[in-house]
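One structure is given below, encoded as structure tokens.
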Amino acid sequence: MLTTIAGFDRIGEENAFTVLARANALAAEGRDVINLGIGQPDFRTPDHIVDAAVKALRDGQHGYTAANGIPALREAVAADVHRRLDIEVSPELVIIVPGGKITMFSAILMFGEPGVDILYPDPGFPIYRSMIEFTGARPVPIPIREENDFAFSAEETLGLLTPQTRLIILNSPANPTGGVTPKAEIDKLVAGLAERPDIAILSDEIYGQMTYDGLPHVSLLSYPEIRDRLILLDGWSKTYAMTGWRMGWAIWPPALYDKMRKLAVNAWSCVNSAAQFAGLAALTGPQDSVGAMVAEFDRRRAIVVEGLNKLPGVSCITPKGAFYAFPNVSEAGFKAKDLASRLLEEEGVAIIGGPDFGVLGEGYVRVSYANSAENIERALARMADFLTRNHNTAAAE
Ligand code: PLP
């Protein structure tokens with residue numbers, strides 16, 4: 001019998017991919033499935049970005065690049081951060097990676113081991129907990145609550161610190177809740193962390209350009225006092241509708257940068273060369289597609305929230321960022337995961353049960369509005385039918 005290291009018995013999943021596979025299988029059988037499950041923009045990558053990749057391939061960009069990314073792209077990332085956030089970052093601290101996920105994988109691998117605590121948001125992106133458990137570290141959930149508008153609380157987070165805490169993972173705007181943590185709360189957290197310079201911070205800001213109602217994105221990069229221990233995760237996947245290109249970027253602190261670069265050399269050598277040229281075109285070319293996409297998400301957000309609030313037993317606060325709503329379904333008469341799976345099997349509507357994002361996700365489901373307004377309306381109508389039909393019987397059981 002083959003024996004792997006114990007971590008592989010603890011590694012988890014991202015159920016959005018399982019739901020996607022099931023939704024595709026049902027669609028292949030001829031069912032009309034509306035997918036509000038997967039977390040990716042339903043837009044095509046803008047043409048000028050695709051053209052840049054094609055040109056790079058035609059021009060012969062077929063070889064390895066530097067492990068940390070082509071210099072022009074690292075410079076473009078630094079310039080983009082400066083343009084958007086008015087923050088100076090050295091291109092020497094930027095690393096190009098194959099997707100945002102690689103940054104969380106690497107950061108958690110770098111700090112996790114038995115005897116160590118790692119704090120992560122719950123409900124939150126499922127890979128945080130999975131990777132923490134893989135390393136043998138103790139996963140310590142930071143509760144993300146509806147009554148707090150799905151923002152994290154600085155006080156509660158600081159209260160979870162122990163002498164064993166080595167890494168804190170933060171995510172705003174957040175998946176799966178769409179929550180955006182206010183600046184005052186981040187200020188408080190950063191101030192509290194001043195006493196713990198031994199703790200690294202991983203700030204997942206992959207939805208940083210998706211906030212609504214004029215709310216500015218507050219980047220952890222804007223706090224000079226933590227820059228020496230901040231790992232900033234971002235990338236192209238969501239902002240430029242490039243999930244399948246596997247392109248991400250990160251900013252690592254000087255003390256860790258070379259460790260991360262060496263991990264890249266050991267694991268993936270470099271990111272696909274043509275994709276890096278596409279990433280360059282994305283950052284240096286016109287940005288109007290980003291604004292147009294976010295404006296469309298905003299329009300759909302209103303439709304989703306209004307529609308969800310009309311469903312029997314469902315209430316939904318207005319998300320402030322990303323492209324997810326996280327309605328409370330605790331009065332709908334179903335366990336959240338049962339509701340999600342019955343909606344998929346019986347109504348052809350794919351959503352994700354809240355418990356797939358953590359224990360505090362019970363009583364909620366994640367509805368992605370990265371689908372056309374028309375499909376969202378159709379999905380809401382099917383959900384209304386289903387819940388009206390089943391609500392009373394389920395509640396009586
Ligand atoms: N971080 C969060 C919070 C996400 O929701 C996702 C993707 O869904 C990622 C990171 C990973 O992004 P990528 O597809 O670039 O690996």
Side-chain angles (χ1 to χ4, degrees), residues 12-20 35-43 45 49 69 73 77 95-109 120-132 142 144 150-152 167-181 201-211 217 219-220 231-251 264 267-268 271-272 275-276 278-279 282-283 297 319-326 350-352 354 356-358 361 366-371:
E13 272 272 19
E14 188 183 344
N15 206 28
F17 282 96
T18 319
V19 171
L20 178 66
N35 197 339
L36 306 184
I38 192 77
Q40 68 179 342
D42 55 311
F43 297 85
T45 305
I49 301 176
L73 185 53
V77 167
I95 181 160
I96 310 302
V97 281
K101 231 178 208 174
I102 282 288
T103 301
M104 70 184 73
F105 176 90
S106 308
I108 296 168
L109 207 56
Y120 71 102
D122 180 337
F125 192 56
I127 299 306
Y128 305 142
R129 185 183 175 110
S130 165
M131 273 304 298
I132 296 167
I142 302 169
I144 306 293
F150 295 127
F152 56 79
L167 176 67
I168 299 184
I169 303 172
L170 304 171
N171 175 220
S172 173
N175 178 5
T177 58
V180 173
T181 299
I201 303 157
L202 169 64
S203 184
D204 182 343
E205 301 184 14
I206 198 121
Y207 298 101
Q209 292 191 59
M210 293 175 182
T211 56
H217 171 56
S219 174
L220 272 282
I231 301 159
L232 194 286
L233 180 163
D234 205 327
W236 286 263
S237 297
K238 318 285 172 173
T239 315
Y240 298 99
M242 290 178 70
T243 51
W245 295 74
R246 307 314 300 135
M247 282 282 291
W249 58 263
I251 297 166
W268 56 89
V271 173
N272 178 301
Q276 292 193 58
L283 295 180
F297 283 146
K320 296 192 165 85
F323 42 71
Y324 307 109
F326 204 60
I351 57 171
I352 313 285
D356 285 334
F357 302 96
R366 188 187 78 174
V367 178
S368 160
Y369 43 94
N371 204 325

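Both counts, for ligands and for their atoms, begin at 1 and track the order of listing.
- The distance between the ring centers of Tyr207 and Phe323 falls below 6.0 angstrom.
- The CD1 atom of Ile169 sits 10.5 Å away from atom OG of Ser203, with the distance rounded to the nearest 0.5 Å.
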Could you go through ligand 1 and note, for every N or O atom, any protein N or O atom closer than 3.5 angstrom, writing the atom names and distance to 0.1 Å, or 'none'?
unit_1, atom_1, unit_2, atom_2, d
ligand 1, 1 (N), Asp204, OD1, 3.3
ligand 1, 1 (N), Asp204, OD2, 2.6
ligand 1, 5 (O), Asn175, ND2, 2.8
ligand 1, 5 (O), Tyr207, OH, 2.7
ligand 1, 8 (O), Lys238, NZ, 2.6
ligand 1, 14 (O), Ser237, OG, 3.4
ligand 1, 14 (O), Arg246, NH1, 3.0
ligand 1, 15 (O), Gly100, N, 2.7
ligand 1, 15 (O), Ser237, OG, 2.6
ligand 1, 16 (O), Gly100, N, 3.1
ligand 1, 16 (O), Lys101, N, 2.9
ligand 1, 16 (O), Arg246, NH2, 2.8

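- Nearest heavy atoms, Gly361 versus Asp122: N-OD1, 4.1 Å.
- Contact between Met247 and Val271 at its shortest, heavy atoms only, is SD-CG1, 3.5 Å.
- Few gaps surround CZ on Phe43; more than 12 heavy atoms of other groups in view lie less than 6.0 Å from it.
- Here the shortest heavy-atom pairing between Pro41 and Thr243 reads CD-CG2, 4.2 Å.
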